[in-house]
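Okay, so here's the structure we're looking at.
What you see below is based on every heavy atom in this structure, not just the backbone, and it leaves out hydrogens, waters and symmetry mates. From a predicted model like this one, the values you see are computed outputs, not experimental measurements. Quick note on labels: first sequence line is chain A, next is B, and so on, each numbered from 1.
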Amino acid sequence: MAENLVTPEALKQSSPRPNFGQRLLLWLRGNPVMVKELRSRMRGRRAFLILTLYLLALALMVGLVYFLYLSSINRSPAALTNTRQLIGKVVFAVVVGMQLVGITFIAPALTSGAISGERDRQTLDLLQTTLLPARSLALGKFSSALVFMLLLLLAALPLESLAFLFGGVAPEEVAIGTLLLIVTTINFCAVGLFFSGLMKSTLASTVLGYAFPILTIFGLPMMALILSGFFGPLISGSFNNNLSPGTEQALLLLGWSLVSIHPIATAVASEALLLDQHTLFSYQQTLRNGASVTLISPWIPYTIINLLFSAVLIYFAIRFVRRRAR
Amino acid sequence: MGPVIEIQNLTKRYGGRTAVDGLNLEVENGEIFGFVGPNGAGKTTTIRIMATLLEPSAGEVRIGSHLVSKEPAGVRRLVGYMPDVFGLYRDMKVWEYLDFFAACYHIPESVRPGLIGDLLELVDLSHRREDMLESLSRGMQQRLSLARTLIHDPQVLILDEPASGLDPRARVEIRELLVQLSRMGKTIFFSTHILADVAEICTRVGILEAGKLVAVGELEALQQQVMPRRTVEITLLDNLETARKLLESLPAVSALKEIGGQNGRCRLELEFIGDDQALSQILAWLVQAGVQVVRFSAESRDLEAVFMRATKGLVT
């Protein structure tokens, strides 16, 4: 079996310009931390159990929602197509929502002990005295967690595709949903990695690694709700009065930016744009004075903001690994 | 060829506490250097600086031609470092552990299986190749750790307490391995508080206390330096006066006194300054002068005594 595997040397010799897939394989196999982490992670029953439980939870939720809808539908032939499409949409939304919850809880578990765990086991010293660059250590930890998370997302694709059986879900929606899940996974993995490098103990890094995604997913909407309770009447009051066009534009952009930092709000707003305005990318919002503002579909800023944020976090995680004790 | 390890005026301070205080030390190529000292003397701090893990407050360490503070990558290529704890990865097999570290040293994948086989044979763990790390005994883990330090064929091995926590057999095995590695041309710098290890295998010893090097040199010279004066007891059958005159005429002998005897034997006790060669010469002269010597014993100067004499029990 070993001779069937592609070795970095063999790749270098066989083709002067390896294609993307080969380069990816070369990179994956060339990072010892990545190989070690994946080997350890997939050994034994743990990975299998996580995957099974994850899919079972998803399937149960989908089943539950499906039967709840089935019992309450209007069975007249005219209404049936619409209802079927609605079920399709709901199944899709449930799967994506559950995956988001899964990411929130599993991604920190995989990364928040990545570097602090090496410190606890006193193996970080060993690694730091080898020729392994700090970059390879941090990226190896990050990408092995990411690959496992992508496996979970990939494994849920068949459940997600159930939505296609009912209709009502467009390929664009699936593409955006998947993209948002992947970007969120990257972000939460990077957050966990950052805290595991920053904090001395795994306990502290785990607490922070969980606090960030949980506050993002559940805390931000609650905060928005409370704030809208306070400021909502004020703003709508202002709308009724004569709001200056500048303020109206600023409020609109502020609201749009807030939407673009939360995955669920981003998904809902992007979906609304897709359904109401039939656009994936941008649309013109007309202000009360007749002027128009171009708004970009939130999935685009969400993706850019989160990828940039993740890159910064990973950069600092590498710095933490490289740092020599003083 | 100059020293392979050169420590110059090395100082490490933690806040107000000085862990290593102006340490100067040189280790030649091929030596087995024992770095001895009580707990808290600064051995591990010195070793961590040498292994590029810790930044010194002042001073410098040069390994080969590389400065530890400026060229850590060059130093890492030359040094195999073993900390005082075995970094254990769960969920890892013995060969995977070595393969992982080989990859960390950029050793090509095609070379690794042969290299791992050789190293496991060297440390006598070939039969545990497929076992999980957790299942190994402490001694086996320590031997595997030693194999890990050798994976990139380093010139210098820096080992922090390689024999601590091991049972006597495992300790002897590690000791034998170190001698074998020295024969293979490696320079070995190891810290210990187990003096028997030092006495058995070291070519030179440095004694560290409260961050300062209180004595350094070959064991024999060190004994000489730290305990120049030793007590010799001689039991004679007759010719007490001849013996007394002869001994009194020697400048190396002082405080000669008779301490009584039994069954017609006389016992003399004297203080002697000099090496073993000079001591045996005294016995030869006594015999030549016709003195019948039945017992001639010098107080043993083992390393423990040297250590106790050299150190004062100070800890920073």
Side-chain angles (χ1 to χ4, degrees), chain A residues 1-13 25-47 113-115 117-138 140-141 144 321-326, chain B residues 12-15 44-45 47-57 68-69 72-93 95-113 132-133 145 148-149 151-152 154 158 160:
Chain A
M1 193 178 137
E3 51 271 20
N4 294 333
L5 296 173
V6 184
T7 63
E9 301 88 61
L11 272 182
K12 273 177 204 154
Q13 285 161 9
L25 195 62
L26 186 75
W27 183 78
L28 292 181
R29 287 180 60 80
N31 187 324
V33 177
M34 168 98 182
V35 173
K36 176 187 92 66
E37 290 290 311
L38 282 182
R39 202 178 254 158
S40 297
R41 180 151 296 139
M42 300 312 288
R43 176 168 286 146
R45 275 178 298 185
R46 205 177 46 199
I115 296 164
E118 295 281 344
R119 265 197 213 105
D120 289 348
R121 280 191 301 266
Q122 293 175 294
T123 42
L124 190 62
D125 281 359
L126 296 183
L127 294 177
Q128 283 177 324
T129 53
T130 67
L131 299 175
L132 183 79
R135 190 183 59 243
S136 298
L137 173 59
K141 291 278 183 185
S144 66
V321 175
R322 191 174 291 149
R323 191 172 51 187
R324 215 189 300 196
R326 284 176 189 277
Chain B
K12 179 68 192 174
R13 280 183 287 269
Y14 293 106
T44 297
T45 304
I47 281 184
R48 285 176 63 79
I49 293 172
M50 291 165 77
T52 73
L53 288 170
L54 198 62
E55 280 193 6
S57 308
V68 164
S69 58
V75 171
R76 287 168 192 166
R77 234 171 244 121
L78 284 181
V79 165
Y81 163 69
M82 178 165 140
D84 53 350
V85 286
F86 177 72
L88 180 77
Y89 284 112
R90 289 176 190 285
D91 294 334
M92 216 173 188
K93 292 179 180 178
W95 76 266
E96 287 172 354
Y97 183 73
L98 292 179
D99 185 74
F100 170 58
F101 280 99
C104 289
Y105 280 107
H106 311 319
I107 293 168
E109 208 173 343
S110 54
V111 183
R112 285 185 227 153
M132 302 302 281
L133 290 186
S145 209
R148 179 188 51 71
T149 63
I151 200 112
H152 58 302
I158 297 179
D160 197 359

From [X] atom [atom1] to [Y] atom [atom2], the distance as rounded to the nearest 0.5 Å:
| X | Y | atom1 | atom2 | result |
| --- | --- | --- | --- | --- |
| R48(B) | T129(A) | CZ | OG1 | 10.0 Å |
| R43(A) | K93(B) | CZ | NZ | 5.0 Å |
| H152(B) | L131(A) | NE2 | CG | 6.5 Å |
| K36(A) | D99(B) | NZ | CG | 12.5 Å |
| Y97(B) | T123(A) | OH | OG1 | 8.0 Å |

Inset, instruction - Take atom CZ of R121(A) as the centre, draw a 6.0 Å sphere, and report whether it contains more than 12 heavy atoms from other residues, nucleotides or ligands. - result: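 Yes - once you tally the heavy atoms of other residues, nucleotides and ligands closer than 6.0 Å, there are more than 12.
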
Determine the minimum heavy-atom distance between [X] and [Y], stating which atoms define it.
| X | Y | answer |
| --- | --- | --- |
| Y81(B) | L126(A) | O-CD2, 4.4 Å |
| T130(A) | R76(B) | O-CD, 3.4 Å |
| L127(A) | Y89(B) | CD1-OH, 3.4 Å |
| V85(B) | Q122(A) | CG2-OE1, 3.3 Å |

Inset, instruction - Against chain A, label R77(B) side chain, backbone, both or neither, depending on which of its atoms sit under 4.5 Å from a heavy atom there. - result: both

Legend entry - Sub-4.5 Å side-chain heavy-atom contact between Y105(B) and L132(A):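 The answer is no; the side chains never approach within 4.5 Å.
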
Inset, instruction - Counting only heavy atoms closer than 4.5 Å, note whether R39(A) contacts chain B via side chain, backbone, both or neither. - result: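 It is the side chain, since no backbone atom gets that close.
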
Inset, instruction - Select, from P113(B), A102(B), A73(B), C104(B), the one with the greatest count of heavy-atom pairs under 4.5 Å involving chain A. - result: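 Ranked by contacts with chain A, first place is C104(B).
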
